[in-house]
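Scroll down for the structure; my scribbles are underneath it.
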Amino acid sequence: MKSSRDSLQEKAKEARTKLDAHVREIVDWHFDPETGCEFWLDYARKLDFDPRKEIGGYSDLKLLGHFEDQWLRGGPVLKWVPKALMDQPKYIFETGGSTGVPKSRVNVNDFQTDYELFSATLSDEGFPQGADWLMLGPTGPRRLRLAIEHLAQHRGGIAFFVDLDPRWVNKLIKRSNHEELELYKEHVIGQALNILRAHDNIQCIFTTPKLLEALCEKINLVKMGIKGIFCGGTEMNAQFHRFAREELVPGVDFVPTYGNTLMGLAVNKPYDPADNYAIIYYPPQPRALFDIVNPDNPEETVAYGETGRVMLTTLTKEFFMPRFLERDEGERAEPIEKFPWDGVRNLRLLSSLQQSVVVGVY
Amino acid sequence: MMHIPLIRAGQPYKSLNTTGVYDFRTGRQVAELSQANSGLIRKDFALAQRNKQSLDALPVHELLTICKNAADLFATADLPLDGETQSPDDYVRAISMTTGMPQSLARRNMEKVCVVLREMAAVLGGLTRGLDLSILDQGWGTQDDRSLSYLCCANTLGAILPNNSPGVHSLWLPSIPLKVPLVLKPGSQEPWTPYRVAQAFMAAGCPPEAFSLYPTDHAGATEILLRSDRSMLFGDVSTVRAWEKDRRVQIHGPGWSKVVVGQDKIADWPQFLDVMVDSITINSGRSCLNASAVWVPSHGREIAEALAQRLAGISARTMDDPEAELAAFVNPIVAERISSLVDSGLAQGGAQDLTAKYRDGGRLVEVDGATFLLPTIIWCEDPEHPLANMELLFPFASVVEVPQDNILEKMGSTLVGTIITENRSFVQEALAAPNIDRLNLGLIPTSRISWDQPHEGNLFEHLYKQRALQSTIPVAV
């Protein structure tokens, strides 16, 4: 009889085989003159090898070096659209803009696919089919607005929206304009309260940690009939996770996530009291994955439990982003049955950047 | 590893988010400090009114007795800390180990806290100018045949506290007998004093609801300042700037305290040297009360030379040396930067470090693994020189010569001004100077505190306002 460890090892092996095959498919697609995008075809012309021949699996992606986020700042954005998808309707999504000129990513269907996969990880008790949603957070040029709307629709519901502009919030914080920041927060929360009070079928919420705190100051979400909260958008630590479960929304299905425009959505390990509220994210492999690497030598993956920098790879037919060094760090987490690949524990801003970046305080 | 929890209205709470408190010399972690997330702080504010009611239920005279008992406990008792106890000696060692303050100075600061607790009745007398304190119990009363009513404007007093010196904590202590619960954010290296004070008060019978202690980050501190009806903010110019216009926040920024000698007394300057030295050096120059400048109408260079000679006698010693008078820098890089700042000011010309010639080496020294800046006296030829009005975190002062007629106007913001003169018209000018917060007339060092005088804003006036009252019904007894 196989032990659970053997079974996990087998699953991890299978996942790796699937990943390698997926890498080959994606590399073939993006570097094929018939289907690939202008950016990667140009890139390939400067290489002294053909990626389609040399890249046989995930570990070979190192031949391409590290993706640089500067490439995503500014236009023309169509250089990122694979020829095979050029006739499709396209969306442009921007990152939050807390690190200067925003990065842009062109989407066709990726955001819908990502959120459908995420939907499969949600419970029907916490996020009932047919329930309506409130999205309280940054909309604007971000992927999040359409993604949440798609998630709600995919689960048979309708999404209501209250916008918050994080770029304006960051400016207020940089100016230490606390009074105006409070007024803006009240303005946002007031709109959310109006919507929650007017629509009985809202049972699910997406919001950020700070906005959840602000909302709970004004209203008891459990009494309002909220059953599930999908929380993300900014850094979250174990203490916030515990505070949310114990004091803000006890009894509500609280789902922390880590997502961004470049990757998709990483989900938290299913809640287990033994984890002491640690936040452990697993990426949606094989569409995206991360390695936790030595910040001083990104070619070296750190040992399980050790701290390292997040190196993100996105592998979809719409977007290929190999080995991008994120501005986050965390501890490398071991594969689990549900997600038999590496995760990251206690994700946070890189310690070397902590002084210079205003992280979403929204 | 010792753990210092949050205190949520008297209840300990161990956060999953912690930071380290370190021995500044060895880098060894000596304690783990729970960190409050800002949402938790905000949630607890919902109980502010309930917490206040716990103090309202006790008459002031009973709270004054609690203060006295708390003084004794603070000074002598083994008080709870992380399931064990902390003795007074443990406390002194901890302060010294994590803040760089020698144990001798830590003990003096401990005594300051005790004095304020013990003499709280006199402190309140000074803050309220002799108000019959039972009026605070009832909200109204009669004194000297006048009807009086005071309205408490705060359910909490928030305080964002510094690391530099434990004595500063004596400023918020009167809040308890004034019936306003405390919400404190301690400094990252000095959680010891607020925690011990809270334990002493609770052991003395104070309602636990009166104490909340939230070590936290910048966002948490902002939450405290936004939610507290009244608060105190300690910090440098950049920290306090954003809150200067908020009347609910009492600012405790740099002091730029000064000693000024009038023309009538300047010929006798050698007699005032002790006052100047004490003003500059007491508590290792770490307090906002310490003088950072001496402004005189003449004899400036001679005074600067004499001060330099005196201050050069103060040496860096080990943390446990009973003779130690100089505090170390927790972060040696900060000491290096401060020293470079002084040097770049000197490089502009028009100023001289007169202490330099009395030292064997440089201003920055290392003793027993600790980094110090040795006392420094600068002679500035021009009051506009950048070093002429600079406050630094060690015994540092400039001496400037300015005609008496211009001194008060030119010397700028001054927390404590010691004015040595008997010239009545100069005294009147000093009394009328809006840039002097606390005025010492005569031979009183800037650093000497009279506890019956308000310091840096009057806490009673910060927390209470006098209400006009006419009544046809008798005051209840």
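So you know, we letter chains A, B, ... as the sequences are listed, proteins then strands, and number each from 1. Every value quoted in this text rests on a predicted model; they were computed, and no experiment measured them.
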Can you list the residues that meet the ring pair (Phe, Tyr, Trp, His ring centres under 6.0 Å) rule with A:F118, with sequence neighbours excluded? A:F230
Non-neighbouring partners of A:F243 that pass ring pair (Phe, Tyr, Trp, His ring centres under 6.0 Å), sequence neighbours left out: none
Residues at least two apart in sequence or cross-chain that pass salt bridge (Lys or Arg N to Asp or Glu O under 4.0 Å) with A:D342, listed by chain then number, are A:R332
Identify which of A:A214, A:A278, A:A244 forms the greatest number of heavy-atom pairs closer than 4.5 Å to chain B. A:A214
So which N and O atoms of chain A and chain B form donor-acceptor pairs under 3.5 Å?
unit_1, atom_1, unit_2, atom_2, d
A:H178, NE2, B:W243, NE1, 3.4
A:E182, OE1, B:R227, NH2, 3.2
A:K210, NZ, B:S38, OG, 2.9
A:E213, OE1, B:G39, N, 3.3
A:E213, OE2, B:G39, N, 3.3
A:E217, OE2, B:R227, NH1, 2.7
A:Q239, OE1, B:S15, OG, 3.3
A:Q239, OE1, B:L16, N, 2.9
A:Q239, NE2, B:Y13, OH, 3.0
A:Q239, NE2, B:N37, OD1, 3.1
A:R242, NE, B:Y13, OH, 3.4
A:R242, NH1, B:K14, O, 2.7
A:E247, OE1, B:R8, NH2, 2.8
A:E247, OE1, B:K43, NZ, 3.2
A:E247, OE2, B:R8, NH1, 2.8

Region of B:L40 that comes under 4.5 Å of a non-hydrogen atom in chain A: both
